[in-house]
Number of protein chains: 2
Amino acid sequence: MASVTIYDVARRAGVSIKTVSRVMNSEPNVRPATREQVSAAAAALGYSPNLSARSLAGSKSYVITILLDASLTLDHWRSERGADYLTRIQLGATQSCRASGYHLLLELIDHDIPHIRQEVNDLLAALRPDGVILTPPSSDNEIVLDLLRKSRTPFVRLGPERALPGGLRLRLDDRGAAAQMTKALIDLGHSRIAFVMGDQRYGSSLARRDGYLAAMADNGLPVDPSWMQPGAYTFLSGFDAARNLLALRDRPTAIFASSDDMALGCLAAAAEAGFAIPGDISVAGFDDSTASRFSRPSLTTVRQPLVELAEMAAKALVNGDVPPDCDSDADLDQIPGFKLVFRQSTAAPNSR
Amino acid sequence: MASVTIYDVARRAGVSIKTVSRVMNSEPNVRPATREQVSAAAAALGYSPNLSARSLAGSKSYVITILLDASLTLDHWRSERGADYLTRIQLGATQSCRASGYHLLLELIDHDIPHIRQEVNDLLAALRPDGVILTPPSSDNEIVLDLLRKSRTPFVRLGPERALPGGLRLRLDDRGAAAQMTKALIDLGHSRIAFVMGDQRYGSSLARRDGYLAAMADNGLPVDPSWMQPGAYTFLSGFDAARNLLALRDRPTAIFASSDDMALGCLAAAAEAGFAIPGDISVAGFDDSTASRFSRPSLTTVRQPLVELAEMAAKALVNGDVPPDCDSDADLDQIPGFKLVFRQSTAAPNSR
DNA sequence: CTGAAAGCGCTTACAG
DNA sequence: CTGAAAGCGCTTACAG
């Protein structure tokens with residue numbers, strides 16, 4: 001089956017290739033009747049424009065690339081816990097691309113200094129994507145951003161830590177979500193609510209803490225310094241934090257761990273120390289990870305609109321809403337739509 | 001930053017573009033010294049060949065496409081249980097592609113009759129992938145296979161149900177894995193082992209059943225017809241099957257459910273009926289799903305080498321080991337490497 | 001509203 | 001071992 005080209009369609013429709021091109025790209029200045037003929041000819045021949053030719057001749061490649069940190073992604077993929085968030089981001093971006101005839105290319109890049117510059121450079125040179133979606137930690141990588149800016153490739157930074165110039169910044173409302181979860185615990189009747197912080201290197205960590213503190217303050221509840229436990233977004237750090245909290249003379253009635261992994265650690269620590277959950281103490285997490293749905297007890301947590309986030313990112317790129325010199329206002333880009341998911345790990349205090 | 005082309009490199013190295021092309025493609029007939037100069041010039045300029053130009057001029061596109069059923073994939077992605085197997089397939093294929101400078105394009109296609117022909121046709125015409133990886137149910141879709149054969153695109157069918165002509169067939173050893181799990185239960189001391197079958201429309205379902213039956217026969221153990229429960233790979237079907245089994249006068253001491261979802265259903269049914277697991281009855285699953293790791297009790301199950309499967313598929317395509325008229329022998333393509341994962345849901349009989 | 005010409009950046013087939 | 005020419009299948013810029 002020799003492939004059918006624009007010439008075949010033009011011949012069959014009795015027009016020039018330029019007219020076929022106009023029809024295929026929905027450009028104006030074609031008589032309706034002519035448009036009909038061309039469409040019919042294309043359909044009859046099963047014609048679909050060659051992407052490479054289009055990309056080479058024109059200014060669009062119809063490719064959106066999503067950049068992921070190779071080792072981080074491989075770790076997540078291989079890990080026993082799966083990589084729900086990755087899948088959700090991919091799902092969202094894929095949706096937007098599909099709807100517009102774009103193709104999503106997932107690229108894993110090594111963030112080692114010697115490699116990254118070349119890898120990203122090669123990627124941009126070889127693929128010439130119409131847009132790039134950056135995921136953490138790429139979102140804040142100066143080398144990557146520099147290459148993107150120089151090549152004038154539109155890009156979106158997902159969950160950026162810093163207000164670096166260029167690109168569109170899209171961020172989840174970690175602060176608001178944490179505040180609302182805290183408020184929910186307060187509404188359940190808790191007032192002695194502890195907080196386990198995430199890795200301080202991530203902005204989300206600070207935002208979630210701020211949300212917690214704000215909700216406590218707004219409701220006139222004091223926060224004992226001993227309730228603020230450091231953490232690192234890991235199971236073990238959650239385990240340690242809970243052990244500290246459960247040993248307090250005047251222990252809290254609820255723990256808000258700012259990631260599910262840490263919350264699962266809290267569950268384990270409580271079980272080990274003989275505390276019933278939620279009877280003796282409530283535990284809430286953050287992320288709505290797969291594990292949170294299957295833990296015992298299942299975890300009350302926050303579900304962020306990751307699919308929507310990625311969908312917005314891809315859509316903005318596809319629609320050309322992100323000019324190469326775009327520099328979005330970081331205050332205007334928080335995606336609403338988080339949801340509190342109530343499961344078994346929370347209840348009113350003293351409810352056993 | 002105007003993009004650097006093959007002409008820029010040729011000029012800088014003082015050679016023709018043909019020589020640069022030879023060096024970039026590691027072709028022979030270039031003096032080592034010349035090769036050096038060209039490489040240096042390319043490195044200095046940060047040159048990377050434009051994929052579109054390469055693809056248009058040459059016979060390779062450096063693109064491998066993996067075809068997934070859109071609705072099935074979206075369901076899995078959206079589902080609460082995640083889509084571990086998808087992620088693992090993607091991981092494997094990505095690895096092989098990366099290693100060879102190829103790009104993996106994930107395409108979701110609608111399997112509705114009116115859409116599929118056009119979608120796949122467009123895909124092949126627009127992208128001209130050097131190879132396509134088919135996942136079930138695409139692996140057995142006649143329309144897809146027909147299009148692939150006509151366009152002479154090399155393809156690999158993952159987990160094919162039927163021996164349709166063309167392509168390379170890669171299949172997991174479901175029969176062997178099920179036999180080995182059955183043998184493991186026998187070795188634990190069980191002799192009254194029930195089996196919950198999967199959806200009969202899938203070949204894996206029959207293969208797993210055959211493995212179970214073979215292991216029982218090999219060990220001289222009779223199989224009571226009442227132990228063979230129908231199922232559909234779903235939680236609910238496992239739940240129903242277990243309820244039937246637990247109600248038997250002379251109930252089995254172990255249930256081998258041929259998917260984790262069904263095994264989780266068995267767990268739930270046992271809990272509801274007041275049976276301890278594994279004290280009263282052992283339960284084994286199949287898949288090593290994320291849920292199997294977090295269930296209570298955690299599930300003994302079979303982990304299939306999905307990453308390796310996808311890695312092999314992509315590697316074969318990338319290496320050109322799958323000529324367009326390839327028609328592999330279905331008996332020679334079973335990927336070894338499954339692993340039995342022992343967790344809390346199995347023990348010796350009467351061990352409570 | 002329509003089309004002829006040039007060119008995108010490479011590889012192919014061929015000549016030397 | 002090296003290179004000049006043609007052409008892959010489109011879009012761009014321009015003319016009519």
Side-chain angles (χ1 to χ4, degrees), chain A residues 1-39 41-42 45-63 101 122 124-130 151, chain B residues 1-39 41-42 45-63 101 122 124-130 151:
Chain A
M1 191 166 80
S3 52
V4 13
T5 73
I6 197 170
Y7 287 94
D8 301 318
V9 180
R11 198 174 310 124
R12 184 175 181 121
V15 298
S16 74
I17 62 163
K18 176 63 235 194
T19 298
V20 176
S21 175
R22 284 199 180 89
V23 174
M24 297 313 294
N25 292 293
S26 307
E27 285 171 19
N29 297 330
V30 183
R31 264 190 319 181
T34 309
R35 200 179 287 276
E36 273 306 313
Q37 278 173 53
V38 173
S39 296
L45 296 171
Y47 172 69
S48 197
N50 179 318
L51 205 71
S52 295
R54 255 183 145 163
S55 166
L56 186 58
S59 52
K60 292 202 284 185
S61 66
Y62 297 93
V63 165
D122 284 1
L124 296 176
L127 259 27
R128 300 180 174 278
D130 291 341
S151 63
Chain B
M1 189 167 81
S3 52
V4 13
T5 73
I6 196 170
Y7 287 95
D8 301 318
V9 180
R11 197 174 311 121
R12 186 175 179 120
V15 298
S16 73
I17 62 162
K18 176 64 235 194
T19 298
V20 177
S21 175
R22 284 198 180 90
V23 174
M24 297 313 292
N25 292 295
S26 306
E27 285 170 20
N29 298 329
V30 183
R31 265 190 318 181
T34 309
R35 201 178 286 277
E36 273 306 313
Q37 277 174 53
V38 172
S39 296
L45 295 171
Y47 172 69
S48 197
N50 179 319
L51 206 71
S52 295
R54 255 184 144 164
S55 166
L56 186 58
S59 52
K60 292 202 284 184
S61 67
Y62 296 93
V63 165
D122 285 1
L124 295 176
L127 258 26
R128 301 180 175 277
D130 292 340
S151 64

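Just so you know, these numbers come straight off a predicted model, no measurement behind them. Proteins come first, then strands; the chains are lettered A, B, ... in the order of their sequence lines, and each starts at number 1.
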Query raised in the report: When you list every nucleotide of DNA chain D with an atom under 4.0 Å from a heavy atom of chain A, which one comes first 5' to 3', and which comes last?
Result: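 Contact span on the strand: D:dG9 to D:dA13.
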
Return all side-chain donor-acceptor pairs below 3.5 angstrom for residues 19-26 of chain A, not counting sequence neighbours, or 'none' if the list is empty.
| residue | atom | partner | partner atom | Å |
| --- | --- | --- | --- | --- |
| A:Asn25 | OD1 | A:Arg54 | NH2 | 2.6 |
| A:Asn25 | ND2 | A:Ser21 | O | 2.9 |

Categorize [X] for me: base, sugar-phosphate, or nothing, with a 4.0 angstrom heavy-atom threshold over every strand shown.
X       : value
B:Asn50 : sugar-phosphate
B:Thr34 : sugar-phosphate
A:Ser59 : sugar-phosphate
B:Ser55 : nothing

Which atom pairs, one a donor and one an acceptor, fall under 3.5 Å between side chains of residues 29-38 of chain B and the rest of the protein, sequence neighbours left out?
| residue | atom | partner | partner atom | Å |
| --- | --- | --- | --- | --- |
| B:Arg35 | NH1 | B:Glu27 | O | 3.4 |
| B:Arg35 | NH2 | B:Glu27 | O | 2.8 |

Query raised in the report: If you round to the nearest 0.5 Å, how far is OG of B:Ser48 from CG of A:Leu124?
Result: 9.5 Å

Query raised in the report: Can you tell me how far the CG atom of B:Leu51 sits from the CG atom of A:Asp122, to the nearest 0.5 Å?
Result: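 Output value for this atom pair is 11.5 Å.
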
Query raised in the report: Mind checking what makes salt bridge (charged side-chain N to carboxylate O under 4.0 Å, His left out) contact with B:Asp8, not counting sequence neighbours?
Result: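 With neighbours one apart ignored, the set is B:Arg11.
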
Report task. Provide the closest heavy-atom pair for A:Ala42 versus A:Val9 in the form atom of the first, atom of the second, distance. Result -> N-CG1, 3.9 Å

**Report entry** Nearest heavy-atom neighbours spanning A:Tyr47 and A:Thr5
**Finding:** CE1-C, 3.5 Å

Query raised in the report: Want to settle it: does B:Pro28 or A:Ser52 sit nearer the 5' end of DNA chain D, counting the closest nucleotide to each?
Result: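 The answer here is B:Pro28.
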
Query raised in the report: Within the distance-only criterion (no hydrogens, no angle test), does the side chain of B:Ser61 pair as donor or acceptor with the backbone N or O of B:Arg128 below 3.5 angstrom?
Result: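 Between the backbone of B:Arg128 and the side chain of B:Ser61 there is a qualifying donor-acceptor contact (under 3.5 Å).
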
Query raised in the report: Using a 3.5 Å cut-off on both pairing distances, which stems of three or more Watson-Crick or G-U pairs include DNA chain D?
Result: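 Stems found: C:1-3 with D:14-16, C:5-12 with D:5-12, C:14-16 with D:1-3.
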
Query raised in the report: What do you reckon, is NZ of B:Lys18 surrounded by more than 12 foreign heavy atoms closer than 6.0 Å?
Result: yes

Query raised in the report: Which residue, B:Ile6 or A:Pro32, contacts DNA chain C at a nucleotide closer to its 5' end, judged by nearest heavy atom?
Result: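 By nearest-heavy-atom nucleotide position, the 5'-most residue is A:Pro32.
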
Query raised in the report: By a strict heavy-atom criterion of less than 4.0 Å, which residues belonging to residues 12-20 of chain A are in contact with DNA chain D?
Result: A:Ile17, A:Lys18

